[in-house]
Every structure is written in structure tokens, then in C-alpha cells.
Q: 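If you scroll down you'll find the structure; I have some questions about it.
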2 protein chains.
Amino acid sequence: MQRLFASFDQLASAKYSSGAEIFGEGDPAEHIYQVVSGAVRTQKLLSDDRRQIGAFYLPGDIFGLEDVATHRFTAEAITSTTVHLAKRECLDDVVKSDPSVLRIILAETNRNLMHVESHLLLLGRQNSLEKVAAFLLEMRLRSTEADVIHLPMTRRDIADYLGLALETVSRVFADLRSKKILRFDANRSRKVVVLDAKALADLAE
Amino acid sequence: MQRLFASFDQLASAKYSSGAEIFGEGDPAEHIYQVVSGAVRTQKLLSDDRRQIGAFYLPGDIFGLEDVATHRFTAEAITSTTVHLAKRECLDDVVKSDPSVLRIILAETNRNLMHVESHLLLLGRQNSLEKVAAFLLEMRLRSTEADVIHLPMTRRDIADYLGLALETVSRVFADLRSKKILRFDANRSRKVVVLDAKALADLAE
DNA sequence: CGATTACTTGAATATCCTCAAGGAGAGTGG
DNA sequence: CCACTCTCCTTGAGGATATTCAAGTAATCG
């Protein structure tokens, strides 16, 4: 999918500080984005502060590719974050000159769909232990350092991704630690070392 | 989207009896489908019988459009159901001769994505009352007869769509009935008359 | 009409949430 | 460098919501 951004001649960059909004739900979808460094969350809100995070995006990931007039999620920087961005209409021009790019967009859209679909099962039918285990396995796969996961997001972000209370996430982490399935690196709650990936996979179903 | 199936010269039909599997999760995605009559559910299963339904498909709806080698859901007929089906490779041929069809596929994929994304919020962050209210509003929009909803699916199907126990769904229905927001037509639990759509919309957030 | 499946309702229980308090880490300014 | 503050995280206690188990009723299918 990096190819999608490779097809642009010139790329604009933008930097967002921690917590900054990149675009809002319902905003016109004028750009598509790729994370260069940092991390991004996409989320939907209910009237009374309840929040559901749809996905976390890490370096290399593309987001904001909606193919409709408006964004369906709000996107915010989790940490200080740099992105590449391209005008939506430039993408349309690229497609016009090379229709095969449409296949890449379709493939990326299907990647998103696949992720969201498996998240449905997690949200609807898995318990807190399974949810957190699945989340850790997902982050582990994305980690550069084997079995060391640096979490850019807060416990609240994780909770809102998994449909749990932040206290529940914290308790499950404590539980996994007491079971020697993970430990916190030097007591830093954002840096997790997976001690028993097999056990974690079993817990995640 | 009906246009997608209109682009085929000849269409095959198939009929499935209630509960029959149309394709299984992991099966090679050889066909795409359109409901002619009846209703279809797509679902994922966990090892211990837990089930999450991703979507219900009613006449006119297209399903099985995965753009990958294998199906990501199992599809089953809810009632006696007739579908049109087209070979995946025929679709590829159509795309080859008319690349603009790819845009239609992309649009349909995005429709699916939009539906699933809003379902994430429902599953992760809404309570039983909000979930059932949202479900009824969704079905109401699809109903031909204003404010009369014929539900082809069981309470268990609804529960597995909303991430609830079937008893909870039944209780919320009873609650909505006692509040005069709906009634059952002639005490038939599958035929719901919406008495107060405004109240229902308020409950759904 | 009988058998099976679906639905409802009640009671008890479990899971997760809310509320609350305290502690640890990061950043700021004296 | 050390208080100070703020945010984040943890942990406990109590409570709410939804689930499980159970029984009975209603509807559907052959």
C-alpha cells in the first residue's frame, strides 16, 4: 500500500501535537493521509462522551481513504505525529491516468473492512480478557522489536478501542502480569514485554 | 448497486432452504450474490458457539463481494431464500472490458464499510435498549410497509447481531411494548408495528 | 395433531462499570 | 535540583446491567 503514496510526485507533510485533531467526523474528505511517525486514532463519539475507537494507525499506515464526500471518523494524533498528505483530487487525477490504482484503493478498503469485521466479533462476543489479549497480539505483530510492545496510547484509548472501561483494561493487564504472561519494562506502563505469546494467543481464542 | 448485477448477460439462480449455508468462512470466494427473495445473515463463529452476525441481507442486497480469495464470513439463508449469483471471474471479465465497474464495486465495498463502522459504535458503546432501538430503526427503513416491520430472523439472530443474549432482546421488546413504542401485530412476535418512531429514534441516541 | 423450535418471564449470578482514593511519572517553574 | 501540578495508572468497594439457568407458553412444521 505504500505504493499508493509512491504514485504522487510531491508530498506535503504536516505535524500534529499530541491530542490534535487531524480531521473531524463529517468534515469534507479533502485529503488522504499516511503516518510517517507517531500514531493516530480514529473515533466516533456519542452525545454523552462515550467513544468508540475504530483503529490505531502507526507509521506506514494510510487513513482517511473514505471514497465519499465526508469523513466517517474523527482522526486525532495520539502522540506528536508527522503525516504525509495528498489531496483527494490528486488521487483522482492519478486514477484517471492509471486506472489500475483503483485496484490498490479497493485492496486497501478491503483491508480496512477485514479489520473492522473481525473487530465486530471482538466487541460483540468476547470478554475483557480475550479483548485485551487480542489487542496485545495485534500490537505485537506491528512491533519492530520482538515481544516488546511500546504502546503510544493511554489505557483510556485502549478501553475505547475494546469497548471496556479503562479500569477494566488496567485490571486485565494486572491479571496478565500476575500470570507471568507479560511484564512492564522497568515499571513503565506503556512498555510491555510479552513473556508468553502462546498463552496470550490461547486467551485470545 | 443493482447495476452491478445488470452488467451480466446471464444470471444463475439458486434457492436455499431455511438455515442452509450459502458459503462458509474461509471458502474460496467463487461467486457474488444478490438476494432475490428471502433473507440472509453473514456471521463469524468462535470455538464455543459464540456467534457474531455482521449483517442481514434483504431482497436487492448484494453479498459475498470480498475481493479476496476467501470469504470472511459464513452466509446462511434465514428463511427460504432465492439468490442470483455470478461467477467471480465473470465479474473480473466485466471489469476488464469496462473498468468503470470497479468504481461500482468500490462504492459497494464502502457501503459495507460504513455499515460495519457504525455497528462498531453500537457493539462497543451502546446499551441493550439503544441497540434494539437502533436495530428496529434500521429494519424500519428497509421495510416496504410504513411502520410495520416483518422480522425474518429469530430473537437469537437479533441477539447475535447486537451482541446480546436472546433473553435480553426479548426483554427489551417487552419493555418497548409496555411503553407503547411498539406492539406485536396479532401477537405474532415476528411482526412489529412501530407506534412511536420518534421515541424509538430518541432511545437509539 | 404431535413434536419441535421459538419466545417470554422470573430468579440468581457474573461480569463489568462507576465511584473513589492513592500513587507514579512527566513536565514546569522557582 | 526540587517542589508542584497534571495526567495517567492502579486498586478496592459497591453497584448496575446484562447473562445464565430454568420453567412455562406460544408458534411453527411435518
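Letters go in sequence order (proteins before strands), and every chain restarts at 1.
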Q: Let's see if you get this right: which residues in residues 180-192 of chain A place a heavy atom under 4.0 Å from DNA chain D?
A: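 Nucleic-acid contacts, sorted: A/F184, A/S189, A/R190.
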Q: Specify the residue among A/E167 and B/M153 whose closest nucleotide of DNA chain C lies further upstream toward the 5′ end.
A: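 The residue mapped nearer the 5' terminus is B/M153.
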Q: Please report the distance, rounded to the nearest Å, between NZ in A/K131 and C1' in C/dC17.
A: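 Answer to the nearest Å: 12 Å.
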Q: Does a side-chain N or O of A/S128 approach OP1 or OP2 of C/dC16 to a distance below 4.0 Å, or not?
A: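 A/S128 to C/dC16 OP1/OP2: side-chain N or O found under 4.0 Å.
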Q: Check the distance between D/dT7's C1' and A/D157's CG and give it to me in whole angstrom.
A: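 Rounded to the whole Å, the gap is 13 Å.
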Q: In this structure, how many angstroms lie between the C1' atom of C/dT8 and the CG atom of B/L176, rounded?
A: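 These atoms are roughly 15 Å apart.
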Q: Return the value, rounded to whole Å, for the distance between atom CD of B/Q126 and atom C1' of D/dA18.
A: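 Taking atom C1' of D/dA18 as the reference, CD of B/Q126 is at 16 Å.
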Q: Go through the steps for B/I78 and B/Y57 under the test side-chain contact (heavy atoms from CB on, under 4.5 Å), then give the verdict.
A: CA-CA 9 Å; B/I78 292 175; B/Y57 296 93; over 6 Å; no
Q: Taking the side chain of B/T154 as its heavy atoms from C-beta onward, which of C/dC17, C/dA6, D/dC21 lies nearest to it?
A: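 Looking only at heavy atoms from C-beta outward on B/T154, the closest nucleotide is C/dA6.
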Q: Which pair of non-hydrogen atoms, one from A/S189 and one from A/F184, has the smallest distance, and what is that distance?
A: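 Minimum heavy-atom contact is O-CE2, 4.1 Å.
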Q: Mind checking if A/G19 touches a base, just sugar-phosphate, or nothing, with heavy atoms under 4.0 Å?
A: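 Result for A/G19 = nothing.
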Q: What I want to find out is whether B/R125 reaches A/D160 closely enough, with some N-O distance under 4.0 Å, to be called a salt bridge.
A: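 Answer for the salt bridge query: yes.
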Q: For A/D175, is there an ion pair with A/R171 - N to carboxylate O distance below 4.0 angstrom?
A: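 Answer for the salt bridge query: no.
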Q: Round to the nearest Å and state the distance from A/I78 atom CD1 to D/dC8 atom C1'.
A: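 It is 15 Å, rounded to the nearest whole Å.
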Q: Measure CZ/A/F173 against P/D/dC8 and give the value in whole Å, please.
A: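 A/F173 atom CZ is separated from D/dC8 atom P by 16 Å.
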Q: Would you call the rings of A/Y33 and A/H71 parallel, tilted or perpendicular if under 30° counts as parallel and over 60° as perpendicular?
A: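 Judged by the thresholds at 30° and 60°, the geometry between A/Y33 and A/H71 is tilted.
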Q: What is the distance, rounded to the nearest whole Å, between atom CG of B/L162 and atom C1' of D/dT17?
A: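 Result: 16 Å.
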Q: Check B/R41 with B/E76, please: is the shortest side-chain N to carboxylate O separation under 4.0 Å?
A: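 Between B/R41 and B/E76 there is a salt bridge, with a charged N closer than 4.0 Å to a carboxylate O.
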Q: Among D/dA18, C/dC17, C/dC7, which nucleotide has an atom closest to any side-chain atom of B/R155?
A: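 Output: C/dC7.
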Q: With a sphere of 6.0 Å drawn around CZ of A/R190, does it hold more than 12 non-hydrogen atoms of other residues, nucleotides or ligands?
A: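 Buried by this count: over 12 neighbours within 6.0 Å.
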Q: If you look at every strand shown and take non-hydrogen atoms under 4.0 Å, does A/L164 touch a base, only sugar-phosphate, or nothing?
A: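 Here A/L164 touches the backbone only, sparing every base.
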Q: Tell me which nucleotide among C/dG10, C/dC19, D/dC9 gets nearest to the side chain of B/R171.
A: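 Selected nucleotide (nearest to the side chain): C/dG10.
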Q: Mind calculating the distance between CG (A/N127) and P (D/dA18) to the nearest angstrom?
A: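 Between P of D/dA18 and CG of A/N127: 17 Å.
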Q: From the options C/dC7, C/dC17, D/dT19, select the nucleotide whose nearest atom is closest to the side chain of B/T168.
A: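 Selected nucleotide: D/dT19.
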